[in-house]
Amino acid sequence: MHRIAVCPGSFDPLTMGHLDIITRASGLFDEVIVLVSVNMMKADFSFSLEERKSMILSVTKHLSNIRVESFDGLLADYVKQVGAIAIVKGLRAVSDFEYEFQMALANKKLYDGAETVFLTTAAENMYLSSSVVKQIANFGGDISHFVPEQILDDIKKRLVKEK
């Protein structure tokens, strides 16, 4: 059986935390589809859909079982469509769990064929989010420890404001 997992997110921008979860998921499943969501709740993206997909591809090319796609619809519908057995979500703190637990229950109700698998983030990424990266970059702070080196310059060009 070919075990496919979907790792969804907005990845605006991709962080070291995201990359950690994707990398670890790639060791657990035969194929991991990193699904760049078109999240209507986060309509104000810093990077286009294609830019986000390109960033993910550039930092995961060493992982042979990663595929990057996008989908504008219900996650459960996509998971069913591709025959995935799992949805992989990263958790940083208890506050993440409450929301993700609700989403996991909703997805299970919509499509019973996949389980949500929670991977806890590495300790060094517990505070890290795309929002934190954007805020630090916006004020000219050093984000080099927070995002993969391959995409650092692209992120800085977009997010660091000229003084």
Side-chain angles (χ1 to χ4, degrees), residues 5-25 32-61 66-82 84 87-107 109-111 116-122 124-163:
V6 175
C7 188
S10 54
F11 308 105
D12 187 46
L14 181 84
T15 69
M16 294 300 288
H18 293 131
L19 184 56
D20 174 52
I21 297 298
I22 293 166
T23 301
R24 289 167 46 213
V32 175
I33 301 170
V34 180
L35 187 66
V36 183
S37 309
V38 180
N39 186 338
M40 294 185 322
M41 304 298 282
K42 295 181 176 180
D44 192 22
F45 292 111
S46 297
F47 296 89
S48 73
L49 183 63
E50 289 307 315
E51 287 171 325
R52 290 179 279 148
K53 286 171 64 176
S54 178
M55 283 191 270
I56 297 164
L57 283 168
S58 73
V59 302
T60 60
K61 60 183 163 197
I66 298 293
R67 187 169 60 168
V68 181
E69 296 190 359
S70 60
F71 185 70
D72 186 10
L74 288 174
L75 176 60
D77 290 344
Y78 180 84
V79 169
K80 183 178 183 179
Q81 177 184 312
V82 297
I87 300 166
V88 176
K89 299 294 290 194
L91 293 178
R92 293 171 298 206
V94 174
S95 56
D96 282 350
F97 179 76
E98 187 173 340
Y99 172 77
E100 295 298 349
F101 184 65
Q102 288 177 327
M103 294 307 298
L105 293 174
N107 284 325
K109 192 73 162 169
L110 293 169
Y111 175 57
T116 297
V117 176
F118 295 114
L119 297 179
T120 55
T121 188
E124 62 268 20
N125 297 323
M126 285 190 71
Y127 61 90
L128 190 54
S129 68
S130 295
S131 298
V132 167
V133 169
K134 287 191 248 188
Q135 187 172 17
I136 292 170
N138 189 37
F139 288 104
D142 180 11
I143 59 168
S144 63
H145 298 289
F146 308 139
V147 300
E149 182 180 352
Q150 304 95 307
I151 60 174
L152 175 62
D153 288 339
D154 293 332
I155 293 171
K156 284 169 56 175
K157 283 178 193 165
R158 176 70 47 86
L159 299 179
V160 176
K161 289 191 174 172
E162 298 294 325
K163 297 201 180 207

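Quick caveat: nothing in here was measured; it's all calculated off a predicted structure.
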* Asked: Side chains of Arg52 and Pro13: closer than 4.5 Å at any heavy-atom pair?
  -> no
* Would you give the length of the straight line joining atom SG of Cys7 to atom CG of Leu119, rounded to the nearest 0.5 angstrom? => 8.0 Å
* **Any side-chain heavy-atom pair of Leu159 and Phe47 under 4.5 Å** => yes
* Quick one: CZ on Phe11 to CG on Leu35, what's the gap to the nearest 0.5 Å? -> 8.0 Å
* Structure fact -> Contacts satisfying side chain to side chain donor-acceptor pair (under 3.5 Å) that involve residues 126-135 (not counting sequence neighbours) are Asp12-Lys134
* salt bridge (Lys or Arg N to Asp or Glu O under 4.0 Å) partners of Arg158, counting only residues at least two apart -> Glu51
* **From Lys157 atom NZ to Leu152 atom CG, the distance as rounded to the nearest 0.5 Å** => 10.5 Å
* Do Leu75 and Ser37 have side-chain heavy atoms sitting under 4.5 Å apart? -> no
* Asked: For Leu14 and Ile22, what are the C-alpha separation, side-chain angles and deciding distance, and is it a side chain to side chain contact (heavy atoms under 4.5 Å, CB included)?
  -> CA-CA 11 Å; Leu14 181 84; Ile22 293 166; 4.2 Å; yes
* Structure fact -> Distance col, row Asn125:CG vs Arg92:CZ, nearest 0.5 angstrom, shows 10.0 Å
* Go through the structure and list residues passing side chain to side chain donor-acceptor pair (under 3.5 Å) with Thr60, not counting sequence neighbours. => none
* Asked: How are the rings of Tyr78 and Phe71 set to each other: parallel, tilted or perpendicular (split at 30° and 60°)?
  -> tilted
* Results of salt bridge (Lys or Arg N to Asp or Glu O under 4.0 Å) for Glu50 - residues two or more places apart only -> Lys53
* Test side chain to side chain contact (heavy atoms under 4.5 Å, CB included) applied to Ile143 and Thr15, Val133, Val132, the passing residue -> Val133
* Shortest non-hydrogen separation from Val68 to Val36 and the atoms involved -> CG1-CG2, 4.1 Å
* **side chain to side chain contact (heavy atoms under 4.5 Å, CB included), paired with Ile66, selected from Leu57, Val59, Thr23, Val34** => Val34
* Check step by step if side chain to side chain contact (heavy atoms under 4.5 Å, CB included) holds for Val32 and Val88. => CA-CA 9 Å; Val32 175; Val88 176; 5.9 Å; no
* Asked: Looking at residues at least two apart in the chain, or sitting in another chain, which of them share a side chain to side chain donor-acceptor pair (under 3.5 Å) with Asp20?
  -> Arg24
* To do: Take Glu100 and Phe118 through the test side chain to side chain contact (heavy atoms under 4.5 Å, CB included) and record every step on the way to the result.
  => CA-CA 9 Å; Glu100 295 298 349; Phe118 295 114; 3.5 Å; yes
* Asked: Given side chains that start at C-beta, do those of Lys89 and Asp96 come closer than 4.5 Å, heavy atoms only?
  -> no
* Shortest non-hydrogen contact between Gly17 and Leu128, atoms and distance -> N-CD2, 3.8 Å
* Working for side chain to side chain contact (heavy atoms under 4.5 Å, CB included), residues Ser58 and Ile151 -> CA-CA 8 Å; Ser58 73; Ile151 60 174; 3.4 Å; yes
* Asked: If you measure from CD on Gln150 to CD1 on Ile155, what distance do you get to the nearest 0.5 Å?
  -> 10.0 Å
* To do: Starting at OG1 of Thr116, measure out to CZ of Phe101 and round the result to the nearest 0.5 Å.
  => 10.0 Å
* Structure fact -> In terms of heavy-atom contacts, Val160 and Gly140 come closest through CG1-CA, 4.3 Å
* How would you list, by chain and number, every residue that makes a salt bridge (Lys or Arg N to Asp or Glu O under 4.0 Å) with Glu69, sequence neighbours excluded? -> Arg67
